[in-house]
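Worth saying up front: this structure is predicted, and the values here are computed from it rather than measured. For this chain, numbers begin at 1 and follow the sequence in order.
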Amino acid sequence: MAKALPTLPYSHRQCSDSIRRVATLSFCLGLLCAKTAPLPADPLEVIPPNVIGVVKVERPTKLVDTAWMLWNYIQPASPNYRRFQESAAWRRVQHMVRYVEKETGRGWKDLLFEVSGRGAALVFFPTDPVGVALVLDGTSEPAVQRLYRVTIALIESEQNRQEKPDAKHTSVRRGVEVTGFGDNLFLAAYKSVFLVANRRTALDDLLDQVAGDPKHSFAYSNAYRQARPLIPDGSLVWAWQNLDIVKRDENIKNLLALPSFFPPFHILFGGLLDVVHRSSFLVVSASQVDRDMVLELRLPAGSAGMRAPMQAHLARAAGKDTPLLPLLQPEHTVVSLSFCLDWAQLWRERSFLFPVDQLKVLEEFDKNSGRFLFGTRLGQLLEMLGRRHRLVIAYTEPAYKRRPPNRLPGFALALELREPEAFARAIEAPLRTVGLLGSFAVDMQLIEEQVDGERLIAYRFEENDKNQAIGDGVLFHFTPCFARVGNQFLLCSDMVLAKRLIPVLKAPGTADAPAGTAVLAEFSFQGLAKLFEASQHYLVVQQVLEQGLPTQEAQEVVLRQLQFFSSQKNVRMQVLYEPHQYCQRLVWTLAPSVKKDP
């Protein structure tokens, strides 16, 4: 017979209870040992990879310090800054800041560091309308949670004050409370991350990402890996924009396409338009280097692969770099520009630039242009032009006793020539003809002078009542003139300015700029101050009429502006085409003695 089974030490119920206890204990231990979502080390780890735009602030407290410094810096140039500081809107902002400080028990600057010490980001989602969200990645979870509660209370108070309350509602996503006001404002706080969005879907995407794997975030996406080399180290703030989304718009497609529906855009800005056409994103950054405020635009496409007509904008011809000519900077310069634009190449590639119907009109115009250009056709003139040109705008002393109420600056365009003698012969007769025809409408006299060995041809308007009646004396801003100076042709609105420039044009030299630089520009505040000084009475009247200021206050405003502009340094701009990158850089050097602390 088979032996009886041994008696178990525990009953079936006791055994089941033991198993349940072990299972429960194991589950609890599993929860304790389970790996929770790590806190993000960077707000980019909170952002999903499918966004269309990101604005990242690396150090919000530093950005606020810089913004406050600039605010104090430009106050003298603002005619309404005192009124703004006394306005109800500004007082309301100050009241809200004090309320937040009181409720959180922290000064606003300390609080800002605690709630955004790891950075902040503004995020744009591909929804219709566009979803926008703010991400603050803080260093203190209690501070972020307090800010969340205080913000909700502040919104409720403000809506009650305006008697426009939106229904407050709460829900839960990924175990995180979400507070909404109507359909356009949603808030949440996940540990030390504070989130605000105008669309619930945007906030849900952020909460899904913050509770998920950071390896799947924007910080580890191909888009950010490609953009990161274009972001300068030490940037205060930078922005990334997906251009593929932007270029789906039909208007943008038409703007970038060749042939162009409006060729002047491509003639003037074709280099940039071509780079945008070939780029999947752009990066804009702002930084402070000592006293230089730097703003940069970068794109991941450059001179390599540029469409043939647009190569006319490059500082490169026949496989060789062509250094820019130095900036023209006579006394009281306001703006000076040195740039590359090969008119001959644009003309040769005109069939790629112009649609068929416009090309037919252009060809017909070129065929008939010899009739009024004395035998030389427009295309032939363009073929004679060179690649490098310069433009300058400057204040000059009035050349007439009669003076208009305000003072306009003089401007000059210096064109480089491939065939100087032929171009000068071909263009002089048409320009003289224009002057002759103009003399039938206004009273003026022809003047020819030798300036530093070069012949300057100018037209001076007679100072009589007939000319004074035209535009309240606007003619007395100008003494139009032209001259050939070596391999350059000078067109100028002011004879005084032309006399200053002719010796400069004769001096050889190239601009001090990196290879590939296609545009150099400089703006002078001091030149602008001189121009304003000459029109001071007109500016005072403008303040009285447009701003409603008393005369004495208007005079003080204009005087502060003049003093501010006179003390400033120049703003410089550079456009650089590298083989695989485009960079446009703007630098403003600040004068000393600026308040730094709010």
Side-chain angles (χ1 to χ4, degrees), residues 64-99 108 158 161-162 293 331-335 393-411 463 465 467-478 494 523-571 588-598:
V64 169
D65 284 342
T66 302
W68 181 260
M69 177 192 69
L70 290 175
W71 168 248
N72 283 282
Y73 191 76
I74 64 175
Q75 276 185 0
S78 173
N80 296 319
Y81 81 95
R82 286 183 181 175
R83 292 190 175 188
F84 173 74
Q85 289 180 324
E86 296 170 357
S87 67
W90 179 242
R91 288 198 300 270
R92 187 66 188 162
V93 170
Q94 291 176 312
H95 173 73
M96 287 190 289
V97 170
R98 287 194 294 268
Y99 173 80
W108 71 265
E158 188 67 14
R161 185 184 68 84
Q162 296 179 3
M293 305 304 301
E331 188 179 15
H332 306 316
T333 294
V334 179
V335 177
I393 300 173
Y395 168 81
T396 56
E397 295 296 334
Y400 298 92
K401 293 180 180 178
R402 297 196 182 206
R403 300 183 181 182
N406 63 320
R407 178 66 181 154
L408 296 179
F411 59 86
E463 297 187 67
D465 293 339
N467 286 344
Q468 178 71 43
I470 299 175
D472 198 17
V474 68
L475 294 178
F476 302 134
H477 288 297
F478 309 108
D494 190 288
F523 172 80
S524 171
F525 282 103
Q526 295 182 358
L528 184 64
K530 188 66 178 178
L531 186 63
F532 279 6
E533 184 180 348
S535 305
Q536 189 169 352
H537 175 72
Y538 175 81
L539 296 174
V540 171
V541 172
Q542 190 178 42
Q543 290 291 332
V544 172
L545 296 179
E546 294 184 3
Q547 304 295 336
L549 300 178
T551 301
Q552 184 174 352
E553 185 177 347
Q555 290 173 339
E556 292 175 356
V557 167
V558 172
L559 182 60
R560 285 199 306 270
Q561 291 176 331
L562 290 175
Q563 292 172 342
F564 173 79
F565 292 138
S566 298
S567 65
Q568 298 310 300
K569 297 188 177 181
N570 295 349
V571 177
W588 179 20
T589 301
L590 304 180
S593 302
V594 179
K595 297 178 182 178
K596 295 185 178 181
D597 296 322

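Atom CZ of Arg560 sits about 9.0 Å away from atom CD of Gln563, to the nearest 0.5 Å. From Gln543, atom CD reaches atom CD of Gln561 across 6.0 Å, with rounding to the nearest 0.5 Å. Between the CD1 atom in Ile393 and the NE2 atom in His332 there is a gap of 16.0 Å [rounded to 0.5 Å]. Taking CD of Gln552 as the start and CD of Gln555 as the end, the distance is 7.0 Å to the nearest 0.5 Å.
For Leu408, the side-chain contact (heavy atoms from CB on, under 4.5 Å) test picks out Asn406, His477, Phe478, with sequence neighbours left out. Remark: Gln526 engages no residue in a side chain to side chain donor-acceptor pair (under 3.5 Å) (not counting sequence neighbours). With sequence neighbours excluded, the residues forming a side-chain contact (heavy atoms from CB on, under 4.5 Å) with Arg402 are Glu463, Asp465, Gln468, Phe476, listed by chain and number.
Minimum interatomic distance between Arg407 and Thr396 (heavy atoms only, all atoms of both residues): NH2-O, 3.0 Å. Among all heavy-atom pairs drawn from Pro404 and Gly473, the shortest one is CG-O, 3.2 Å. The shortest non-hydrogen separation linking Ala529 to Ser566 is CB-OG, 3.4 Å. Residues Leu531 and Tyr395 approach most closely at CD1-CD1, 3.9 Å, considering heavy atoms. Nearest approach of Ala554 to Val540, heavy atoms of both residues: CB-O, 3.8 Å.
Ser535 places no side-chain N or O within donor-acceptor distance of the main-chain N or O of Tyr538, the cut-off being under 3.5 Å.
Relative orientation of the Phe564 and Phe525 rings is perpendicular, given thresholds of 30° and 60° on the angle between their planes.
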| request: Before giving the answer on side chain to side chain contact (heavy atoms under 4.5 Å, CB included), spell out for Thr66 and Met293 the whole-Å C-alpha distance, their side-chain angles and the decisive distance to 0.1 Å. | output: CA-CA 10 Å; Thr66 302; Met293 305 304 301; 3.6 Å; yes

| request: For Phe523 and Val334, run side chain to side chain contact (heavy atoms under 4.5 Å, CB included): C-alpha distance rounded to whole Å, both residues' side-chain angles, the deciding distance at 0.1 Å, then the answer. | output: CA-CA 6 Å; Phe523 172 80; Val334 179; 4.0 Å; yes

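Taking a 6.0 Å sphere around OH of Tyr400, one finds it holds more than 12 heavy atoms contributed by other residues, nucleotides or ligands.
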